[in-house]
Amino acid sequence: MSGALLRTSAGNALRRNSVAPRTGLLPRRISGVSSASRNPHSHRLSRSLRARCSTAAAVTMELTSDVLKTAEDYPMLIDGKLRQGSAGASPVVNPATEQPFACAPSAGMDDLNDAVAAAKRAFPSWSKLGYDAKVAYLEKFAEEVKKDAESIATLLTKEQGKPFASALGEVKASADRIATVSALGPLEPEVLHEDEKTRTEVHRVPRGVVAAITPWNFPVLIAASKAASALLSGNTVVVKPSPFTPLSTLALGKAAERAGLPAGVLNIVAGGDELGKALAEHEDVRHISFTGSVATGKKVMATAAAGLKRVTLELGGNDAAIVLDDVDIEPASRKIFQASMANTGQVCTAIKRLYVHEKVFDPLVDALVTHAKNARVGDGLTKGITHGPLNNKMQYDIVTGLLEDAKEQGAKVLCGGSAPEGPGYFFPPTLVTGVKEGVRLVDEEQFGPVLPVIPFTDVDDAVARANASPFGLGGSVWTTDPEKGAEIASRLETGVTWVNAHITGDFAGKPPPFGGAKMSGIGREHGRAGLEEYTDLKTIRVAKKL
């Protein structure tokens, strides 16, 4: 790999988000690509890369041609056809090398309008299609995703950074999620009242075009989940992935095209932040399903308000775990470490604050340090790696900035704490003590592999401190007394709580609803609640006689 990459910020992109905080639609094209619709990784490229990607200049970067792919390898899906973007293309950067390894198409406004128009045209027939027919299409879609699982997983590792085994697990879980949604059964009308004179029914009816705007931490799983729920409930969908991780989601478009989904039912477009904003603002979009930060979620909600669009918002979290004094150290430490450091801490429901009873504080911390030191950090395509890099420079700066701030306020770093030399946004699992509320690392969502561990003596105090946060996504209690744990967990102000677990979910059979309380979101995803989320209630009252 020739040339050095300057560590530059990701411009206007927000953490995990693909909607910009700016106003207005896509600006005028410049040299074949909208300057605002570029991947936030966009840089000035070497001559060969410019020739093949048509990308505007920003920061010098050199790249050997053997790792370069053209945007033609990763087309968008619009109206049942695979096609390129009218706004040129943008490079996609591997966070393990800080170098672009491929180009993604950049959709212009014509592409976006075509996608939404196709979804709108497809809605009447798709919404009236029988449940079994919809299931058959979705099951075929899931089968096609499974056929491509390894190739999609390789793309996912290259653009997101996670180890290949985790990426493969995500892709397979995406196919399983599609199949699981298909098995939920139809949303049958409810008869509220019937007698010889009248009958009153309540129906769940689809809304129309759904905009699914997805993040970079689990791009395939979240896109597949949103699409499957919206489609099965009778809506049509336009998916817009994060510009950090577009390729693996675009690969879903190829699977959908092979599965023979009716034209316009599912569309996938790629581009920068302004494209996501334009999609959310589009007058023919009736529902916006967004996963990302609180700050951008507020902007999505404000955009939706202008057209009274419905929204599903799965936003940030600052999950607290409370460890009681009777905990079994070995299994608890193993599970807690995994729940805080999975995907290099880039999980919305990861443990981000750990409150530990003072009686077990030292042994639990020691066990966590051992797990951290045994972790292998590196390129996700290298065998045996357990933790890949952070996804982008901006997130790397957030994580390191929060840690430096904590150290300035007296934090003690027990392990990790500094990045290895060389390219890549790598950061090791890091455990921190000597901090409490009022320190940014405790109060804010770090979304990275740095965990503050905080002692407590009184359970009620620990619950109050866990709840003293604007976030309310997840939380957990760890104890050998599950009934006591369940009682304490019920007091946590979150959308989901666990006892002796965290992050895990049962997506077989009847999957539970998922979503946040307080500023961690609006609405619910997964399971029957996830289907109902994309519908309106319609009351039909029938007078049997005039």
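Note that the structure is predicted; figures quoted are calculated from it, not measured.
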Practice task
To the nearest 0.5 Å, tell me how far Ser340 OG sits from Lys335 NZ.
Solution key: 14.0 Å
Problem - Side-chain touch Pro75/Gln84, heavy atoms, less than 4.5 angstrom - result: yes
Completion exercise
Taken to the nearest 0.5 Å, the spacing of Ile213 CD1 from Ile222 CD1 works out to 13.0 Å
Handout entry: Pair Ser233-Thr535, side-chain donor/acceptor within less than 3.5 Å
Key = no
Practice task
Check Ala224 against Ser174 and note the closest heavy-atom contact, atom names and distance.
Solution key: CB-CB, 3.8 Å
Problem - Expected output: side-chain Ser242 to main-chain Phe244 donor-acceptor under 3.5 Å - result: yes
Practice task
Could you tell me whether the side chain of Glu170 and the main chain of Leu221 form a donor-acceptor pair under 3.5 Å?
Solution key: yes
Problem - Sub-4.5 Å side-chain heavy-atom contact between Ser248 and Gln160 - result: no
Fill in the blank from the handout: In this structure, OG1 of Thr400 is separated from CD of Gln395 (nearest 0.5 Å) by 9.5 Å
Problem - Aromatic ring pairing Phe447/Trp216, orientation class (parallel under 30°, perpendicular over 60°, tilted between) - result: perpendicular
Handout entry: Between Tyr534 and Thr312: side-chain donor-acceptor atoms closer than 3.5 Å
Key = no
Problem - For Gly316 against Ser520, the heavy-atom pair lying closest together - result: O-OG, 2.6 Å
Practice task
Without swapping roles, check the side chain of Ser151 against the backbone of Asp148 for a donor-acceptor pair under 3.5 Å.
Solution key: yes
Exercise for the section: Would you check, one step at a time, whether the test side chain to side chain contact (heavy atoms under 4.5 Å, CB included) holds for Leu354 with Leu368? Expected result: CA-CA 11 Å; Leu354 183 60; Leu368 291 171; 3.6 Å; yes
Handout entry: No-hydrogen, no-angle side-chain donor-acceptor test under 3.5 Å, Thr349 and His502
Key = no
Handout entry: Flag, side chain of Tyr137 to backbone of Ala259, donor-acceptor distance under 3.5 Å
Key = no
Exercise for the section: Would you mind reporting whether Pro219 and Pro241 have side-chain heavy atoms less than 4.5 Å apart? Expected result: no
Practice task
Write down the atom of Pro429, the atom of Val377, and the distance for their closest heavy-atom approach.
Solution key: CD-CG2, 3.8 Å
Handout entry: Separation of Thr157 OG1 from Phe164 CZ (nearest 0.5 Å)
Key = 6.5 Å
Fill in the blank from the handout: Taking every heavy atom of Val209 against every heavy atom of Asp284, the minimum-distance pair comes out as CB-O, 3.4 Å
Handout entry: Any donor-acceptor pair under 3.5 Å from Asn235 side chain to Ala230 backbone
Key = yes
Practice task
Flag the pair Asp397 and Lys393 as a salt bridge only when some basic side-chain nitrogen lies within less than 4.0 angstrom of an acidic carboxylate oxygen.
Solution key: yes
Problem - Note, Ile398 side chain near Leu402 side chain (heavy atom, < 4.5 Å) - result: yes
Problem - Gln338 and Arg334, any side-chain heavy atoms less than 4.5 Å apart - result: no
Practice task
Report the C-alpha distance between Gln99 and Asn94 in whole Å, list the side-chain angles of each, state the deciding distance to 0.1 Å, and finish with yes or no for side chain to side chain contact (heavy atoms under 4.5 Å, CB included).
Solution key: CA-CA 6 Å; Gln99 292 289 333; Asn94 183 338; 5.9 Å; no
Exercise for the section: Can you measure from CG (Leu77) to OG1 (Thr249) and round to the nearest 0.5 angstrom? Expected result: 12.5 Å
Problem - Test item: Arg286 side-chain N/O and Ala211 main-chain N/O as donor-acceptor pair under 3.5 Å - result: no
Exercise for the section: Mind running side chain to side chain contact (heavy atoms under 4.5 Å, CB included) on Asn113 and His282 for me, showing each step along the way? Expected result: CA-CA 8 Å; Asn113 287 332; His282 200 290; 3.1 Å; yes
Handout entry: Main-chain N/O of Leu231 paired with Trp126 side-chain donor or acceptor, under 3.5 Å
Key = yes
Practice task
Evaluate the side-chain proximity of Tyr74 to Val92: yes if any heavy-atom separation is below 4.5 Å, no if none is.
Solution key: no
Handout entry: Under 3.5 Å donor-acceptor, Asn500 side chain and Ala332 backbone
Key = no
Practice task
Any pair with a residue in residues 372-389 that passes side chain to side chain donor-acceptor pair (under 3.5 Å), sequence neighbours left out, goes on the list, sorted by first then second residue, please.
Solution key: none
Handout entry: Rounded distance (nearest 0.5 Å) linking atom CG of Asp73 with atom CG of Leu250
Key = 11.5 Å
Handout entry: Nearest non-hydrogen partners of Ser333 and His371, listed with the distance
Key = OG-NE2, 3.2 Å
Exercise for the section: Taking the six-membered ring of Phe218 (Phe, Tyr or Trp), confirm whether the NZ or CZ of Lys162 is under 6.0 Å from its centre and within 45° of its axis. Expected result: yes
Practice task
Taking all non-hydrogen atoms of both residues into account, name the closest pair between Leu473 and Cys348 and its distance.
Solution key: CD2-O, 3.4 Å
Exercise for the section: Could you give me the CA-CA distance, side-chain angles and deciding distance for Glu143 and Lys146, then say whether salt bridge (Lys or Arg N to Asp or Glu O under 4.0 Å) is met? Expected result: CA-CA 5 Å; Glu143 291 173 7; Lys146 285 184 177 180; over 6 Å; no
Practice task
Taking the side chain as every heavy atom from C-beta outward, state whether Glu159 and Asn391 have any atom pair closer than 4.5 Å.
Solution key: no
Handout entry: For Arg528, all residues meeting side chain to side chain contact (heavy atoms under 4.5 Å, CB included), sequence neighbours excluded
Key = Leu184, Leu187, Glu532
Handout entry: Main-chain N/O of Gln346 paired with Asn217 side-chain donor or acceptor, under 3.5 Å
Key = yes
Practice task
Could you tell me whether the side chain of Lys120 reaches within less than 4.5 Å of the side chain of Thr236, counting heavy atoms only?
Solution key: no
Practice task
Please lay out, stage by stage, how Glu525 and Glu533 fare under the test side chain to side chain contact (heavy atoms under 4.5 Å, CB included).
Solution key: CA-CA 7 Å; Glu525 299 190 88; Glu533 184 74 14; 5.8 Å; no
Problem - Thr180 side chain vs Asp176 backbone, donor-acceptor pair below 3.5 Å - result: yes
Problem - Lys147 bridged to Glu144 by N-O distance under 4.0 Å - result: yes
